[in-house]
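Structure record follows, encoded as structure tokens.
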Amino acid sequence: MTEIPAYEPAVVERKWQQFWEDTQAFVARDDLPREQCYYVLEMFPYPSGRLHMGHVRNYTIGDAVARYKRMRGFHVLHPMGWDSFGLPAEQAAIERGAHPRTWTYENIAYMRAQLKRMGFSYDWTREFACSDPGYAAREQDIFLDLVERGLVYRKSSLVNWSTGLECVLANEQVIDGKCWRTGMPVVQRELPQWYLRITAYAEELLAGLDELEGHWPEAVITQQRNWIGRSQGAEIDFAIEGHPGLKLTVFTTRPDTVFGVTFMSVAPEHPVLPRIVPATHREQLAAFTAEVRSVSAHERLGDTATKKGLFTGAYAINPVNDERVPIYAANFVVADYGTGAVMAVPAHDERDHAFARAYGLPIIEVIRPPAERQTPPIAEAAYTAPGVLTERCGIFAGMDSEQAKRAITDWLAQRGCGRAVTTYRLRDWCVSRQRYWGNPIPFVYSESLGATPLKKSDLPVLLPDDVVFDGRGNPLDKHPTWATTGSDGRPLVVRGPHGLEPARRETDTMDTFVESSWYFARFACHDNRRPDLGCAGPLDRQRVDHWLPVDLYIGGIEHAVLHLLYARFFQKALCDLGYSSKREPFKRLLCQGMVCMETFFRQDASGKPEYFYPDEVEIERDGKGRIVRAVAKRDGLPVQVGRVEKMSKSKRNTVDPQQLIETYGADTARLFVLSNVPPELDVVWSDDGVRGSHRFLKRLWHIVHAHAAELRGVAAYAGKAQALVGRDQAIVRKVHAVIKRCTDALERDFAFNTAIAQCMELLNELEPAHLRPEVLKLALTTLVRLLAPICPHICEELWEALGGVGGISAAGWPAYDEAEMLGDSIEYPLQINGRLRGKLTLPRELSGEELERAVRAHPAFRAALGERALSKLIIVPGKIINAVVA
RNA sequence: GCCGGGAUGGCGAAAAGGCAGACGCGACGGUUUUAAAAACCGUUGCCGCAAGGCGUGCGGGUUCGAGUCCCGCUCCCGGCACCA
């Protein structure tokens, strides 16, 4: 009996990680024909300290694809880096006194070691962190290019202000109207901020989605479409009574209803209001505006908010019929959508209808529903569908409302008081943050010039190290000298109209989504130099165009309209700056599901849940395996079994990947996260499931080593299945079938779960004692090659044990022959009237009339048919036989 | 409200109009063990002693044949939401 070595994952995994490093196995070249190349990328992590299970899943999927593509003969670019600017570093500084830079780079070192321990096949030579001066500085270059192209501007508008952190928050960092970190209220404040003109690309961002159809998840495409929110309509200018020079312009998608306007609603912040509101109404309006502003956008516009309005004392004149309509300030009108003003047509708009009823305003019908349509009286409900314009509509009376949209817009346009307009819900991207740990915005301010961009030769703007973190405001603002000191260490000056004058740096830093908007391009040319400045340039167009678009991009769906929209915008802007000609960055997108786990909790008197770690809970199950009761180990009292939810520290349902790797090894971890579900579905963590994956690897290890000695010198069976009999023949056919199914599963959907199932099935069917050595060798070498992308270390080891040399990826992906999958005879399912009633074994080569004769003559067929008369016989060769009887 | 995605055993899931439930987990029975764990073997959709019947959220339809296609519902998940 052969001595079988114990499966020690740590030993095997270290050995092969060393091998890959020594052979530089994953370093990508830039000079091979693009069609032989494949760029696979996972969304890079924020270095928060340790990997979590979400990372493990995301990166395992990407790595399995990278390794699979390499085995298929592709030259693969698979890079990794760090999205390393961001708020948690500053939070750590406040809470623990660690400097953000030290904290960040220590985290990177730890997490890099974890990634290496997982055996991910990254080209580490291309690694960078966004906080590296080399990256941040080149981003400042790009920022200045964007300024030159008119894609950057500074304006004052309402922003989310966190009262806890004393800084601006992005919309996504506002959860239910509260600051995501402190839980403190977020209020709207009027502040000057820097914006990127993403709206200049609204139409292209929308149109580009059509090409991504079929390659990106439908959910992401629709979310982006909704977010961009194109809306076609008209702007209409209303004169203002008593103010001949002024007008109030509204945006509407229903210009056909303009004859039914009975009042106007405008945002309380609308700039024209102060000029048109009579003194009698000013005080009230100021109070109303203050009240509206005191609540967050969430409360103001959320579905719980009540519609409130205030008559401003001013009147507008309807350009189509010269009617005088009152102007209301209303809390539901958004200042920066459309024109910040709305014409209200209560007869044909539900919201206007409700408002008119609440404030006693007239409701005038101007669109008549088709006669066949039953509609409630207009005083009771708005009619919003198409119809015919009523006699109130002047020359347009009798016109179909859809046609009238166009006709009225044209009529208004001819008179200079209206125009066809397309608006977007998408707003420009507010990129300034009042924070330290981010990339400085390369602008300075001076008395006579205001905001002035720095020259590229003055870059980079580096962050000072000696800053104080007290949790109040932006540390850069409080630094004694940084903002006023030039890169030469002398006082910062700019050349103004009257000579040199003192200047002060912008102390806002960029939103960290800026870094993640071009890192995928930088990976293509991470070492690019700029001969003109003797330093690294942002991007090398040739190499960016070589690698982009990324063939497969993998990450969580939570970035559907954030990172993925910003990155698409940035790529288009980079093209217009001359850095690339590939306008879409990601050809195919895979959004992996979350890693979830059951939760246990108990509610205290106030209803606040107290969560329990799974190992603090004892579970009782019934005969079917359902949980019937759960109690806390510490007191024996029941706890509630919560939903299966995304792993999170606050719910205490996390598993530390480090623990998993130490107990079972990286290969088991990788196998488990790819098993059981396709990548885009949520996976439910279970210790039992992990043990199942580990058990499979142990079985594979055992069977290979039990026969390695005898098989090492044996060639894998390469002949026809036909030449074999019995189990040998069956296994050869199975091997071909399994290779085909694995290949199809990966090519179609990256369905690693079904590929793994195929491999398990093959292993389950192997009975080594009954197989010829060449056939066993074929089966085993096939298995380890099919599994190599998923659990590469053990497969390398077993490949070597079976006599393979030069590493398993060099061995290539196994080939199959469909003809070899098929036996000489087929066991046809026999249906009677579509119900399965038996099996008919018939020779494979039969078809057409021959086959039909053989079926009719088959004893099992006659038996199943009995006395019943056959009215139709369906025979699908190779598939099924269905007899239709009366 | 609008948009998108779903619903298959006790659980996660497979099945590209052709044998529903592959594979894994759990459960049950067994082997081994002082015992447990681990490992291995077997059973496991539901009802029924069986023959057999019934089964892919519900109701219709197309088809020789539907989890899959069409029409109409119900429920669940996600996104957006006074967006004019």
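Below, read A as the first sequence line, B as the second, and so on, with proteins coming before strands; counting in each chain starts at 1. Worth saying up front: this structure is predicted, and the values here are computed from it rather than measured.
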- Does the ring centre of A/Phe355 sit less than 6.0 Å away from the ring centre of A/Phe332?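 Judged by ring-centre distance (under 6.0 Å), A/Phe332 and A/Phe355 do meet the cut-off.
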- Message: Under a 3.5 Å distance rule, please check whether A/Asn753 uses its side chain to pair with a backbone N or O of A/Ser675 as donor and acceptor.
- Response: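 No, the answer is negative, given that no donor and acceptor are paired below the 3.5 Å cut-off.
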- Torsion-based syn/anti label for B/G42, 90° from 0 as limit: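 It is anti.
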Can you tell me if [X] touches the phosphate of [N], counting only side-chain N or O atoms and a distance under 4.0 Å to OP1 or OP2?
X        : N     : value
A/Arg425 : B/A81 : yes
A/Asn226 : B/C2  : no
A/Arg837 : B/G53 : yes
A/Tyr337 : B/A84 : yes
A/Asn764 : B/G24 : yes

- Note on the structure: Note: for A/Glu218 and A/Val342 on RNA chain B, the residue whose nearest nucleotide lies more 5' is A/Glu218
- Message: Quick check: on RNA chain B, is the nucleotide nearest A/Val683 upstream (toward 5') of the one nearest A/Val884, or the reverse? Name the residue that is more 5'.
- Response: A/Val683
- Going by the angle between their ring planes, with limits at 30° and 60°, are A/Tyr7 and A/Trp701 parallel, tilted or perpendicular? tilted
- Query: Parallel under 30°, tilted from 30 to 60°, perpendicular over 60°: which one fits the rings of A/Tyr337 and A/Phe251?
  - Reply: perpendicular
Sticking with atom [atom1], work out how far [N] lies from [M], rounded to a whole angstrom.
N     : M     : atom1 : value
B/G72 : B/G65 : P     : 23 Å
B/A38 : B/G45 : P     : 24 Å
B/A14 : B/G24 : C1'   : 11 Å
B/C58 : B/A39 : C1'   : 47 Å
B/G42 : B/U74 : P     : 48 Å
B/G26 : B/G18 : C1'   : 32 Å
B/C3  : B/A81 : P     : 16 Å
B/A16 : B/G21 : P     : 14 Å

- Message: Both conditions, 6.0 Å and 45 degrees, for the charged tip of A/Arg588 above the ring of A/Trp216: are they met here?
- Response: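 Because its charged atom misses either the 6.0 Å distance or the 45° angle limit, A/Arg588 does not stack over A/Trp216.
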Send over the distance from [X] [atom1] to [N] [atom2], rounded to a whole Å.
X        : N     : atom1 : atom2 : value
A/Glu680 : B/G6  : CD    : P     : 10 Å
A/Leu209 : B/G4  : CG    : P     : 14 Å
A/Tyr828 : B/C64 : OH    : P     : 21 Å
A/Ile832 : B/C64 : CD1   : C1'   : 12 Å
A/Ile874 : B/C19 : CD1   : C1'   : 17 Å
A/Tyr328 : B/C82 : OH    : P     : 22 Å
A/Ile881 : B/C19 : CD1   : P     : 13 Å
A/Ile327 : B/A84 : CD1   : P     : 21 Å

So which nucleotide from [options] ends up closest to the side chain of [X]?
X        : options             : value
A/Lys698 : B/C54, B/A39, B/A84 : B/A39
A/Lys879 : B/G18, B/C19, B/A84 : B/G18
A/Ile880 : B/G65, B/C83, B/C19 : B/C19
A/Leu681 : B/A13, B/C3, B/C54  : B/A13
A/Val677 : B/C83, B/G12, B/A15 : B/G12
A/Ala219 : B/A39, B/A84, B/G4  : B/G4
A/Phe332 : B/C82, B/A39, B/C23 : B/C82

- Message: Quick check for you: to the nearest 0.5 Å, what is the distance between A/Asn676 atom CG and A/Thr754 atom OG1?
- Response: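 Going from the CG atom of A/Asn676 to the OG1 atom of A/Thr754 covers 11.5 Å.
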Should [X] and [Y] count as side-chain neighbours, where that means a heavy-atom distance under 4.5 Å?
X        : Y        : value
A/Thr252 : A/Val342 : no
A/Met53  : A/Leu660 : yes
A/Ile756 : A/Glu761 : no
A/Cys791 : A/Leu697 : yes

Touch check for [X], heavy atoms < 4.0 angstrom, all strands: base, sugar-phosphate only, or nothing?
X        : result
A/Gln831 : base
A/Arg691 : nothing
A/Pro678 : sugar-phosphate
A/Gly338 : nothing
A/Arg699 : sugar-phosphate
A/Thr222 : sugar-phosphate
A/Val684 : nothing

- Item | Evaluation steps, side-chain hydrogen bond (donor to acceptor under 3.5 Å, both in side chains), between A/Asn653 and A/Thr599 | CA-CA 6 Å; A/Asn653 62 341; A/Thr599 53; 5.7 Å; no
- Message: Give me the stems containing RNA chain B, sorted by first residue, counting only three or more consecutive Watson-Crick or G-U pairs with both distances under 3.5 Å; say none if there aren't any.
- Response: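 So the stems come out as B:1-7 with B:74-80, B:10-12 with B:23-25, B:26-31 with B:39-44, B:45-47 with B:52-54, B:57-61 with B:69-73.
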- For RNA chain B, determine which residues of residues 343-352 of chain A have any heavy atom closer than 4.0 angstrom to one of its atoms, and list them numerically.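 Listed by number, they are A/Arg351.
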- Query: Can you find a side-chain donor-acceptor pair between A/Asp428 and A/Thr199 that sits under 3.5 Å?
  - Reply: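 Judged by distance alone, the side chains do pair up.
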- Task: Would you kindly say whether A/Gln592 and A/Arg57 are connected by a side-chain donor-acceptor distance under 3.5 Å?
- Result: no
- Test log, rule salt bridge (charged side-chain N to carboxylate O under 4.0 Å, His left out), inputs A/Asp688 and A/Arg695: CA-CA 10 Å; A/Asp688 291 318; A/Arg695 188 179 309 138; over 6 Å; no
- Item | Closest contact, heavy atoms only, A/Pro679 versus A/Phe750 |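 Minimum heavy-atom separation between A/Pro679 and A/Phe750: CG-O, 3.2 Å.
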- Query: Could you go step by step and tell me if A/Asn764 and A/Arg699 meet the side-chain hydrogen bond (donor to acceptor under 3.5 Å, both in side chains) rule?
  - Reply: CA-CA 10 Å; A/Asn764 289 345; A/Arg699 284 173 61 206; 2.8 Å; yes
Under 3.5 Å, which protein N or O atoms sit close to an N or O of nucleotides 56-59 of chain B? Give each pair with its distance.
none

